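Before any comments, here is the structure.
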Amino acid sequence: MSTEVVVTIGGERRTAPSGTRIAELIDGERRRDTVAARLDGQIVDLGRAVTADATIELISANSPEGLEVIRHSTAHLMAQAVQSLFPGTQVTIGPVIEDGFYYDFAPPRPFTVDDLPKIEARMRELAKANLPVERLEEPREAAIERFRRMGENYKVEIIEHIPETVVSLYRQGDWIDLCRGPHVPSTGYLRAFKLTGVAGAYWRGDEHNPMLSRIYGTAFATREELEEHLKLMELARSRDHRKLGREMGLFIFDPVAPGSPFFLPRGAIIYNQLIEYVRRLYGRYGFEEVVTPQLYKNALWHTSGHWENFRENMFLTTDGENRGGELDYAFKPMNCPGHTYIYAAEKRSYRDLPLRIADFGRLHRAERSGTLHGLTRVRAMSQDDAHIFCTAGQVEEEIDLNLRMVRDVYGALGFERMEAKVATMPEKHMGDEAMWREHEATLGRALDRNGLAYELNPGEGAFYGPKIEIDVPDALKRRWQLATIQLDFNMPERFDLTYTTSAGTPARPVMIHRAILGSLERFIGVLLEHTGGVLPFWLAPEQVRVLSLSEKVEGYAREIAALIKDKGFRASADLRNEKLGFKVREAELAKVPYMAVVGEREAEARSVSLRMLRGAKNQAMSLDALIEMLKSEPLPS
RNA sequence: GCCCAUGUAGCUCAGUCGGUAGAGCACUUCCUUGGUAAGGAAGAGGUCACGGGUUCGAUUCCCGUCGUGGGCUCCA
């Protein structure tokens with residue numbers, strides 16, 4: 001008994017026998033470009049049979065959803081290739097990620113990059129064979145039994161965690177995998193892919209679990225798009241802050257101090273300019289700067305809880321008298337415990353609050369060796385750190401104040417792509433839930449007031465309070481957390497901080513940890529990648545370089561460089577015995593925003609020939625005009 | 001810390017199927033005095049990361065350590 005169903009497909013209504021597969025409803029022309037379909041809003045395979053009236057939208061290969069299907073199917077193709085090449089390898093999971101996909105395997109031996117070409121070649125063979133990809137449904141128990149027989153213990157574990165009674169499997173050729181789908185109709189749809197790397201990854205991301213072997217790859221609808229993507233990645237690598245730092249002479253690293261940058265004079269200028277900028281804001285926003293000890297006796301860390309929770313990440317030491325004895329001091333990894341002593345140095349009243357204490361103190365953290373990464377992950381750093389002690393009722397105003405500061409700073413530095421998140425109460429937490437929810441709402445309100453969109457990061461708060469995190473992506477699309485605004489109910493408790501209320505009774509202040517730039521080190525790293533090294537004028541280590549054309553004008557070049565310096569700008573003169581083209585090239589590579597070329601013509605007229613960074617047209621101008629131009633360069637507000 | 005890769009001159013990289021090393025750029029000196037992204041020549045510069053092992057002989061092969069890179073984990 002065949003009944004008819006009414007299908008709206010691509011906006012067109014038509015009828016078809018019930019049970020017709022979606023693929024059969026698509027014209028030949030469109031079929032090649034269609035990888036899946038949306039059936040009444042749900043993404044499904046083209047092989048899905050239509051058994052009721054429905055609305056169908058086709059998902060083309062180059063749509064975001066289509067791309068996801070292609071990448072997911074490519075991950076399967078890779079798993080199939082891997083299992084045929086390396087018998088005894090178990091599959092685990094293979095999700096789609098931002099720029100591609102990965103698949104985690106449990107192989108007899110870890111994969112190396114040398115394995116990738118082989119796997120890729122097999123994938124191409126399998127794609128060329130154009131194997132149909134079929135969806136099967138199987139009762140949960142039968143599937144568990146099936147994968148157990150296949151020796152796929154990880155899959156068994158996965159299915160055991162699936163609540164549904166029926167699970168879906170996908171088969172291509174003789175290969176079969178548990179998967180929710182959807183997938184492309186056949187492996188021939190997969191034409192543009194590349195395996196990009198191998199890595200170790202723990203099963204379920206937990207380091208107590210076995211380490212699996214992960215292979216990363218990417219896939220696109222067409223080879224052209226794949227090529228374009230690979231080129232883009234190449235370009236991104238040229239903006240790597242580590243490369244720029246070397247080229248621009250900003251900082252170096254040396255194995256004598258792993259994870260600890262040496263800022264060279266030019267890098268130190270950027271570093272100090274950022275600090276100066278934040279200092280100016282401190283004046284405006286009512287922060288007071290302090291200078292606090294680097295080393296504290298362990299007693300402090302016991303009280304603060306760092307000994308218990310953070311010792312793994314601390315550098316422990318001792319003093320000269322106790323050499324050979326126990327390690328009874330530690331370098332501070334954070335400023336907060338020290339600041340509680342400044343708070344407690346006086347009897348505080350509600351009239352003192354909010355108390356905003358800022359500190360550019362140097363922090364040291366014994367980060368695990370495998371995590372170090374240029375300036376973005378270091379062991380020695382300074383933060384534009386501050387702690388605010390306030391009453392519970394002042395929290396919202398304080399959060400708001402800091403978010404206004406965030407907007408000032410990020411706006412001044414041209415970051416538009418910041419992403420705000422509110423990390424909420426974790427399972428292990430102190431204080432009652434009502435208080436948490438109330439403060440989470442406060443954070444959200446403050447974000448709203450500042451027009452900042454945000455996402456929730458459920459359960460990701462610290463045990464002692466919720467926080468706002470601001471992330472910014474780097475050149476390679478890795479996200480880095482810069483600003484944080486963290487509420488802390490714990491530290492005031494541990495250090496027994498109090499203030500006297502207007503009623504004369506003692507009360508516990510709330511502590512807010514916050515940093516806008518985060519660490520100066522990381523911020524500079526991200527800023528370099530963000531700008532490609534072309535920093536705003538006020539941050540440029542060298543703002544003007546005078547390029548002399550020949551020895552004859554050496555005196556004049558020297559003179560005007562001195563004059564520009566005298567006006568408060570960072571300038572130098574390149575008087576070397578080199579051709580102009582060479583000097584221009586070097587100034588360009590050093591990313592000096594203004595190049596003032598002087599030859600005999602200019603010396604005669606007391607002028608310069610100005611060239612702007614990145615080849616903007618050079619123009620003759622008087623010295624006064626140049627100074628005026630420099631003065632008109634915007635400073636951060 | 002774990003997995004994979006990697007470590008040769010200040011930088012970027014060749015090279016040695018085991019007989020102690022090269023290039024370009026940078027550096028020094030000389031020539032050249034020039035008009036907007038590399039003028040020319042000469043010179044100097046390396047315990048081939050470090051420590052063991054195998055070998056007549058190790059920079060090369062093996063093991064370990066350290067560093068670096070890509071991930072995992074953690075976090076600013």
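Chain A is the first sequence line, chain B the second, and so forth, proteins listed ahead of strands; every chain is numbered from 1. Worth saying up front: this structure is predicted, and the values here are computed from it rather than measured.
- Contact annotation: Thr112(A) side-chain N/O to C4(B) OP1/OP2 distance is not under 4.0 Å.
- Taking atom P on both nucleotides, A41(B) is separated from A26(B) by 13 Å, rounded to a whole Å.
- Of the candidate nucleotides A37(B), G39(B), U36(B), A37(B) has the atom lying nearest to any side-chain atom of Glu588(A).
- Sorted by first and then second residue, the salt bridge (Lys or Arg N to Asp or Glu O under 4.0 Å) pairs with a member in residues 514-525 of chain A read Arg362(A)-Glu521(A); sequence neighbours excluded.
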How is the base pairing of RNA chain B summarised as a dot-bracket string, given the Watson-Crick and G-U wobble criteria with both distances under 3.5 Å, [ ] for crossing and | for another strand? (((((((..((((.....[..)))).(((((.......))))).....(((((..]....))))))))))))....

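- Phe111(A) comes within 4.0 angstrom of the backbone, heavy atoms only, and of no base.
- With sequence neighbours left out, Phe537(A) forms a side-chain contact (heavy atoms from CB on, under 4.5 Å) with Gln543(A), Phe569(A), Pro593(A), Tyr594(A), Leu630(A), Glu633(A).
- For RNA chain B, the neighbouring residues in residues 544-553 of chain A, judged by any heavy atom under 4.0 Å, are Leu549(A), Ser550(A), Glu551(A), Lys552(A).
- Contact check, Arg576(A) against U33(B): no side-chain N or O comes under 4.0 Å of OP1 or OP2.
- Listed by chain and number, the residues in a side-chain contact (heavy atoms from CB on, under 4.5 Å) with Val534(A) are Lys591(A), Leu613(A), Arg614(A) (sequence neighbours excluded).
- Taking only distance into account, the side chain of Glu602(A) meets the base of G35(B) through a donor-acceptor pair shorter than 3.5 Å.
- Within the structure, the side-chain hydrogen bond (donor to acceptor under 3.5 Å, both in side chains) test picks out the following pairs touching residues 244-264 of chain A (sequence neighbours left out): Lys243(A)-Glu247(A).
- Taking atom C1' on both nucleotides, C17(B) is separated from A58(B) by 14 Å, rounded to a whole Å.
- The side-chain contact (heavy atoms from CB on, under 4.5 Å) test applied to Ala81(A) returns Ile119(A), Arg122(A), Met123(A), Leu126(A), not counting sequence neighbours.
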With a cut-off of 3.5 Å and sequence neighbours excluded, list every side-chain donor-acceptor pair involving residues 546-553 of chain A.
unit_1	atom_1	unit_2	atom_2	d
Ser548(A)	OG	Asp574(A)	O	3.1
Ser548(A)	OG	Lys583(A)	NZ	3.0
Ser550(A)	OG	Lys552(A)	N	3.2

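- Contact annotation: Arg246(A) reaches the phosphate of U12(B) (side-chain N/O to OP1 or OP2, under 4.0 Å).
- A search for side chain to side chain donor-acceptor pair (under 3.5 Å) contacts involving Arg585(A) returns nothing, not counting sequence neighbours.
- Ser304(A) is linked by a side-chain contact (heavy atoms from CB on, under 4.5 Å) to Trp301(A), His306(A), Pro337(A), Met491(A), Phe495(A), counting only residues two or more places apart in sequence or in another chain.
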Base-contact (B) and sugar-phosphate-only (S) positions in nucleotides 71-76 of chain B, heavy-atom cut-off under 4.0 Å, - elsewhere: BBBBBB

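- Formation of a donor-acceptor pair under 3.5 Å by the His429(A) side chain with backbone atoms of Pro426(A) is found in this model.
- A straight line from CD of Glu604(A) to C1' of G35(B) spans 16 Å, rounded to a whole angstrom.
- Looking only at side-chain heavy atoms (C-beta outward), Tyr282(A) and Asp384(A) come within less than 4.5 Å of each other.
- The residue Thr196(A) sits apart from the nucleic acid: no heavy atom pair falls under 4.0 Å.
- Residues that satisfy the ring-ring contact (aromatic ring centres under 6.0 Å, His included) test with Tyr556(A), not counting sequence neighbours, are absent from this structure.
- Going from atom NZ of Lys243(A) over to atom C1' of G70(B) covers 18 Å, rounded to whole Å.
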